[in-house]
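Written out below as structure tokens is the structure these notes cover.
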There are 2 protein chains.
Amino acid sequence: MHRFSKKVSMTVVKRLPKYYQYLTDLQLNDIEKISSRELASLMGLTASQIRQDLNSFGGYGQQGYGYNVSELRNAIKDILGLDYEYSCIIIGAGNMGHAIANYERFRREGIILKGVFDVDPLRIGTVVGSVVVKHMDELEEFVSQNEIDVCILCVPREVGQQIANQVTSFGIQGILNFSPMDLEVPKGVEVENVNITDSLFTLTYRLKDYKISTEDNPETSDD
Amino acid sequence: MHRFSKKVSMTVVKRLPKYYQYLTDLQLNDIEKISSRELASLMGLTASQIRQDLNSFGGYGQQGYGYNVSELRNAIKDILGLDYEYSCIIIGAGNMGHAIANYERFRREGIILKGVFDVDPLRIGTVVGSVVVKHMDELEEFVSQNEIDVCILCVPREVGQQIANQVTSFGIQGILNFSPMDLEVPKGVEVENVNITDSLFTLTYRLKDYKISTEDNPETSDD
DNA sequence: CTCTATTTTATCAAAATTTATCAAAAAATG
DNA sequence: CATTTTTTGATAAATTTTGATAAAATAGAG
């Protein structure tokens, strides 16, 4: 099996969830096969890129036919690691923590919420997404008794790094980081950032850009 | 006047918010100047890339000195369009809508929340992030009376496209989309997606990847 | 005021990514 | 059953992005 023989670039990996999403939709609509050309038009990519992307994991397509939707979907599901069930905890039971805890999609794909932690006495003991919020003091013992794969960090910037230090020292290897900052983590720990502010700012950039390029005479003078 | 003469790639633009963040932190720590080498080490980039990135907007640095922190920060702030005040509305007053509405950082950078809309009778009339939730039926009139730059979409997948159609037909040009789907929008409308599921899945990919690659070969790579 | 150490800017080379092309395989057609 | 059409996978070409370095400019020391 050559599937994991050569390293696939992160550029390609970042597109995989989108493939997975579209294939899931196609399957839900009882569509059995799809060609790279059709999928490209659907997703707004080039057919060539799709073939190249998919082929970096193995030959899932068939010449003259295309790709079998459910087969390809299953393959990508496995490639994304979704054939495995992940245990996760959420740290920070604020609005963002709530939002994630109640995100149905995560559970459906096998990401199981095992605990929610906070330091605010008003939050501790309340139920968030079917689990009872515990105090951070209980985190270490909890992690030692439950194998936790992923920590979803929804805490303020000021404490993000400190909590990341804690959870990694307890052995957690994956962090989905909603705190608006970069984290320094030990080798072997994977961090994926969701930086809402950064996203908003690229939007404002594009809005401004559009305004300027559509104005005839920009009078931008600063010195 | 070469500043807006050649188009800057999205790859570079996506790094700007991060520069802005780091420069803000430096300024807060009363650091007046910084060289590309220092900033590179701080941010985990190469000095060369930083120089190239910054120079694509203009000569903010000074040879033999480096970059003046507050000057560069202001420049990037303007480049990101943050010299302008944006009016925004949130559609969907669920947990995610709440989370965004209470995000202090947005207001601080000049993104002003003007309204929150939903269809759930239980939510209408409640206060979210200092504004009262209105029914979607009031959206059109509200938008016509208040110039709204950005719509933050926090609604379920099923209604995302339909609501995007509405808001764009009312003249809104920018959408920050938290609904887990791609949106089709008229030309001139800018959409920035924040897809939490996609982020989680790239994390699970990397977790699995790491597991597999360390089973036989305990060599690790860093970026 | 001159000299040296820094550090940007501009340029070029290298690496990575995307797109295009095409032979080979499979399916569809008649 | 031969022929045409479709479509992949592989390779090549084009484009974009990154990294390295020489040239130019500045600060600071003496």
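Bear in mind the structure is a predicted one, so any value in this text is a computation, not a measurement. Just so we're on the same page: letters track the sequence lines, and every chain starts at 1.
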Would you kindly give the [atom1]-to-[atom2] distance between [X] and [N], to the nearest whole Å?
| X | N | atom1 | atom2 | answer |
| --- | --- | --- | --- | --- |
| L72(A) | dT8(D) | CG | P | 11 Å |
| I50(A) | dT8(D) | CD1 | C1' | 13 Å |
| F57(A) | dT8(D) | CZ | C1' | 18 Å |
| K33(A) | dT6(D) | NZ | P | 11 Å |
| Y65(B) | dG28(D) | OH | C1' | 13 Å |
| L45(B) | dT17(D) | CG | C1' | 13 Å |
| Y60(A) | dT7(D) | OH | C1' | 19 Å |

pair Y22(A)-Q27(A): side-chain heavy atoms closer than 4.5 Å: no

I152(A) side chain reached by V150(A) side chain, heavy atoms, under 4.5 Å: yes

Just to verify, what does [X] make a side chain to side chain contact (heavy atoms under 4.5 Å, CB included) with, not counting sequence neighbours?
| X | value |
| --- | --- |
| Y65(A) | K33(A), Q62(A), N68(A) |
| S199(A) | L176(B), E192(B), V194(B) |
| E38(A) | I34(A), S35(A) |
| E85(A) | I112(A) |

Sequence-distant partners of Q52(A), side-chain hydrogen bond (donor to acceptor under 3.5 Å, both in side chains), two or more places apart: none

Counterpart residues, side-chain hydrogen bond (donor to acceptor under 3.5 Å, both in side chains), relative to K77(A) (two or more places apart): none

Any T46(B) side-chain nitrogen or oxygen under 4.0 Å from OP1 or OP2 of dG19(D): yes

Any S9(B) side-chain nitrogen or oxygen under 4.0 Å from OP1 or OP2 of dT16(D): no

Polar contact flag, side-chain donor to acceptor under 3.5 angstrom, R51(A)-S36(A): yes

Residue closer to the 5' end of DNA chain C, T11(A) versus Q62(A) (nearest nucleotide): T11(A)

Would you tabulate the pairs of protein nitrogen or oxygen atoms and nucleotide nitrogen or oxygen atoms of nucleotides 10-13 of chain D closer than 3.5 angstrom?
residue: dA10(D); atom: OP2; partner: N55(A); partner atom: OD1; Å: 2.4

Members of residues 17-26 of chain A that approach DNA chain C, where some heavy atom sits under 4.0 Å away: none

Which residue lies more 5' along DNA chain D, comparing R37(A) with V12(B) via nearest heavy atoms: R37(A)

Qualifying ring-ring contact (aromatic ring centres under 6.0 Å, His included) pairs, either residue in residues 92-113 of chain B, two or more places apart: Y103(B)-F106(B)

Donor-acceptor pair (no angle test) under 3.5 Å: Q63(A) side chain, dT8(D) base: yes

Partner set under ring-ring contact (aromatic ring centres under 6.0 Å, His included) for Y19(A), not counting sequence neighbours: none

Boundaries of the chain B footprint along DNA chain C (any atom under 4.0 Å from a heavy atom): dT6(C) to dT11(C)

Non-neighbouring partners of R37(A) that pass salt bridge (charged side-chain N to carboxylate O under 4.0 Å, His left out), sequence neighbours left out: none

